[in-house]
Amino acid sequence: MVEHAALSATREAYDAAAPTYTHLFRDSLRDSPLDRGILGVFAEVVRAGGDGQVADLGCGPGYVTAYLDELGLSAFGVDASPAMIKLARQAYPGLRFDVGSMTALNIADGVLGGVLSRWSIIHTPPQELPVILAEFHRVLAPGGHLLIGFSASDDPAHPTQVFDHAVAPAYRWWPDHLAALLHESGLTEVARMVREPQPTDRRQFKEIQLLARKA
């Protein structure tokens, strides 16, 4: 598969930003009880479905992969940025981390109990997103779950909106539109969490986490 220009640019940007990104966000779950809560729900439904492996796609420096491991999941991380993967391997030498693209995962069909995608789709141009969602569906086992996080757009009439991300150009999505794309890919929404922006947040965007299941 030919790599699109946005992926190349995003990978290069995250390679350059990897040390700073890691310093800023490696402890972010500590102050995010809602995020820890939805990750706990995700872990519970994966275990209830047979406790298969879980891929943290767009894992960055690996701190969320490590948290999934703490929750008792057999988790591994994948990221397009070699610099991020290097930092993840250094920080968590007992866990598996691979360089890879969400557009063409080096994972067999139907083998995962869960896929986690925390804000890893935000740099994907809208026309490319169905390819990634199809990959999520392909690698999940029947009954497997996807937890996908993203920032919400402001208007259903504009289902995607570009915003100026600190690392690379990024997109926000109207939640119902993204849920419909998941459905078209064979993934059915079972729950969603909406986090309202706090007054101190630099960007006043709602944060959405959708939990979906493969039939």
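Being a predicted model, the structure only gives us computed values, none of them experimental.
Note on residues 141-160: pairs passing side-chain hydrogen bond (donor to acceptor under 3.5 Å, both in side chains), not counting sequence neighbours, are W119-S151, D154-R172, D155-H158. Among pairs with a residue in residues 36-47, none fulfils salt bridge (Lys or Arg N to Asp or Glu O under 4.0 Å), at least two apart in sequence or across chains.
The side-chain hydrogen bond (donor to acceptor under 3.5 Å, both in side chains) check on D109 picks up R138, with sequence neighbours excluded. The salt bridge (charged side-chain N to carboxylate O under 4.0 Å, His left out) search around R192 returns D176, E189, not counting sequence neighbours. Scanning for side-chain hydrogen bond (donor to acceptor under 3.5 Å, both in side chains) contacts around Y63 gives S28, with sequence neighbours left out. Residues satisfying the side chain to side chain contact (heavy atoms under 4.5 Å, CB included) test with P82, not counting sequence neighbours, are R11, D15, V99. Listed by chain and residue number, nothing satisfies the salt bridge (charged side-chain N to carboxylate O under 4.0 Å, His left out) test with D27 (two or more places apart in sequence, or in another chain). Residues satisfying the side chain to side chain contact (heavy atoms under 4.5 Å, CB included) test with Q127, not counting sequence neighbours, are P125.
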Indicate every side-chain donor-acceptor pair of residues 178-188 with a distance under 3.5 Å to a residue at least two apart or in another chain.
from, atom 1, to, atom 2, distance (Å)
S185, OG, L181, O, 3.1

Enumerate donor-acceptor pairs with a distance under 3.5 Å from any side-chain N or O in residues 66-80 to protein atoms, sequence neighbours excluded.
from, atom 1, to, atom 2, distance (Å)
D79, OD1, S81, N, 2.9
D79, OD2, C59, N, 3.3
D79, OD2, G60, N, 2.8

Give the table of side-chain donor-acceptor pairs shorter than 3.5 Å for residues 205-214, with sequence neighbours excluded, one pair per line with atom names and distance.
from, atom 1, to, atom 2, distance (Å)
Q209, NE2, D35, OD1, 2.9
K214, NZ, H137, O, 2.9
K214, NZ, L140, O, 2.7

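Under the side-chain contact (heavy atoms from CB on, under 4.5 Å) test applied with I148, the options V115, L116, L133 reduce to a single match, L133.
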